[in-house]
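Okay, so here's the structure we're looking at.
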There are 2 protein chains.
Amino acid sequence: MRTKDRLDYKVQARLLRALANETRLKIIDVLSRGEEHVGALAEGMGAEQSTVSKHLAILRAIGVVDDERRGNEVYYRLVTPCVVNFFSCAIDVMKERGI
Amino acid sequence: MRTKDRLDYKVQARLLRALANETRLKIIDVLSRGEEHVGALAEGMGAEQSTVSKHLAILRAIGVVDDERRGNEVYYRLVTPCVVNFFSCAIDVMKERGI
DNA sequence: TGACTTTATGAATGTATGGTAATATACTCA
DNA sequence: TGAGTATATTACCATACATTCATAAAGTCA
């Protein structure tokens with residue numbers, strides 16, 4: 001691995017922390033099937049609107065999702081499907097581990 | 001993705017949380033180059049022995065590392081190099097994002 | 001403009017996490 | 001066995017996080 005490819009552990013940990021939450025993983029899973037707005041996300045997963053909004057802010061802050069307002073609603077989408085591959089990889093790790 | 005491949009978000013979040021720490025990422029990086037014992041890890045990264053020992057316990061609990069005592073020392077190693085691939089994937093995500 | 005809808009934010013609270021010092025445990029060797 | 005070494009565990013503190021309620025902000029539409 002080239003030096004340029006070596007990431008600052010602090011940055012890497014920050015991204016992982018942003019992903020390391022059950023609710024945010026659900027959000028990512030839903031968004032992997034297409035963009036959605038906050039209210040629909042909240043209702044779909046049985047969570048408070050404010051809770052979902054805050055989690056979305058966290059995902060947006062690290063660049064995993066972006067948002068677009070359309071009228072009253074704000075739609076969120078995954079910036080890159082690569083995040084999904086990321087989790088497929090995680091799943092492989094865990095299957096191998098029998099978790 | 002088959003249903004069997006869909007992971008419980010709680011479990012997935014637990015694994016991610018276990019990885020989402022600067023010190024633990026450093027440990028994984030060192031161990032990706034070969035097994036090491038606690039004292040050497042602690043010294044190598046300028047951390048307290050008790051701190052490193054605790055982080056190793058966390059990594060062991062989720063099955064990312066295992067350990068083997070040899071005399072007074074306890075050697076730790078990555079259970080699977082797949083963890084390293086996991087991070088390569090994360091790095092790709094982040095490079096794409098410009099993080 | 002005012003009533004309404006949707007999302008974001010702030011305060012408060014409980015819980016989890018990370019780090020350290022001190023101590024306990026496990027082992028070696030004489 | 002006892003002294004010495006390496007690691008694990010405990011208790012503690014400070015900080016970060018997740019959630020909720022209440023409210024602010026942004027937009028629509030009559």
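Below, chain A is the first sequence line, B the second, and so on; all start at residue 1.
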**Study point:** Pairs flagged by side chain to side chain donor-acceptor pair (under 3.5 Å) wherever residues 37-46 of chain B is involved - sequence neighbours left out
**Key:** none
Review point. Going by heavy atoms in the side chains, are Y76(B) and L59(B) under 4.5 Å from each other?
Key: no
Review point. What's the spacing between I27(B) CD1 and L56(B) CG if we round to 0.5 Å?
Key: 4.5 Å
Exercise for review: Quickly work out the I62(A) CD1 to dC17(D) P distance and round it to whole Å.
Suggested key: 12 Å
Practice item. Measure the distance from CZ on R14(B) to P on dT17(C) and round it to the nearest whole Å. Key: 11 Å
What does the list of N/O pairs under 3.5 Å between the protein and nucleotides 6-13 of chain C look like, with a distance for each?
| unit_1 | atom_1 | unit_2 | atom_2 | d |
| --- | --- | --- | --- | --- |
| dT6(C) | O3' | N72(A) | O | 3.4 |
| dT7(C) | OP1 | H37(A) | ND1 | 3.2 |
| dT7(C) | OP1 | V38(A) | N | 3.3 |
| dT7(C) | OP1 | V74(A) | N | 3.4 |
| dT7(C) | OP2 | G39(A) | N | 2.8 |
| dA8(C) | OP1 | Y76(A) | OH | 2.6 |
| dA8(C) | OP2 | S53(A) | OG | 2.7 |
| dA8(C) | N7 | Q49(A) | NE2 | 2.8 |
| dA8(C) | N6 | Q49(A) | OE1 | 3.2 |
| dG10(C) | O6 | K54(A) | NZ | 3.1 |
| dA11(C) | N6 | K54(A) | NZ | 2.9 |

Review point. When the distance from CZ of R24(B) to C1' of dA16(C) is rounded to whole Å, what number comes out?
Key: 12 Å
Review point. Between V64(B) and I58(B), does a side chain to side chain contact (heavy atoms under 4.5 Å, CB included) hold up when you go through it step by step?
Key: CA-CA 9 Å; V64(B) 167; I58(B) 290 170; over 6 Å; no
Practice item. Any chance you could encode DNA chain D as dot-bracket? Rule is Watson-Crick or G-U wobble with both distances under 3.5 Å; [ ] for pairs crossing earlier ones, | for another strand. Key: ||||||||||||||||||||||||||||||
Point to revise | Rounded distance (Å) that lies between atom C1' of dT15(C) and atom CZ of R17(B) | key: 12 Å
Check your understanding: L19(B) has an atom CG; how far is it from atom P of dG18(C), in whole Å?
Key -> 12 Å
Check your understanding: Which whole-number value in Å describes the distance from K26(B) NZ to dG19(C) C1'?
Key -> 13 Å
Review point. Atom CG of N21(A) to atom C1' of dT17(C): distance rounded to whole Å?
Key: 14 Å
**Study point:** Side-chain donor or acceptor of S53(A) paired with backbone N/O of S50(A) under 3.5 Å
**Key:** no
Practice item. Given side chain to side chain contact (heavy atoms under 4.5 Å, CB included), test V11(B) with R14(B) step by step and report yes or no. Key: CA-CA 5 Å; V11(B) 174; R14(B) 185 144 36 89; 3.8 Å; yes
Practice item. Mind jotting down which residue pairs meet the salt bridge (charged side-chain N to carboxylate O under 4.0 Å, His left out) criterion with at least one end in residues 56-69 of chain A? Sequence neighbours excluded, please. Key: R60(A)-D67(A), D66(A)-R77(A), E68(A)-R70(A), E68(A)-R77(A)
Practice item. Please determine, for the side chain of H55(B), which listed nucleotide (dG19(C), dT20(D), dA18(D)) has the closest atom? Key: dG19(C)
Exercise for review: Please name all residues satisfying side-chain hydrogen bond (donor to acceptor under 3.5 Å, both in side chains) with R24(B), sequence neighbours left out, ordered by chain then number.
Suggested key: H55(B)
Point to revise | Qualifying residues under side-chain hydrogen bond (donor to acceptor under 3.5 Å, both in side chains), relative to E73(A), sequence neighbours excluded | key: Y75(A)
Practice item. Grab the CD-P distance between E43(B) and dT5(D) for me, whole Å please. Key: 15 Å
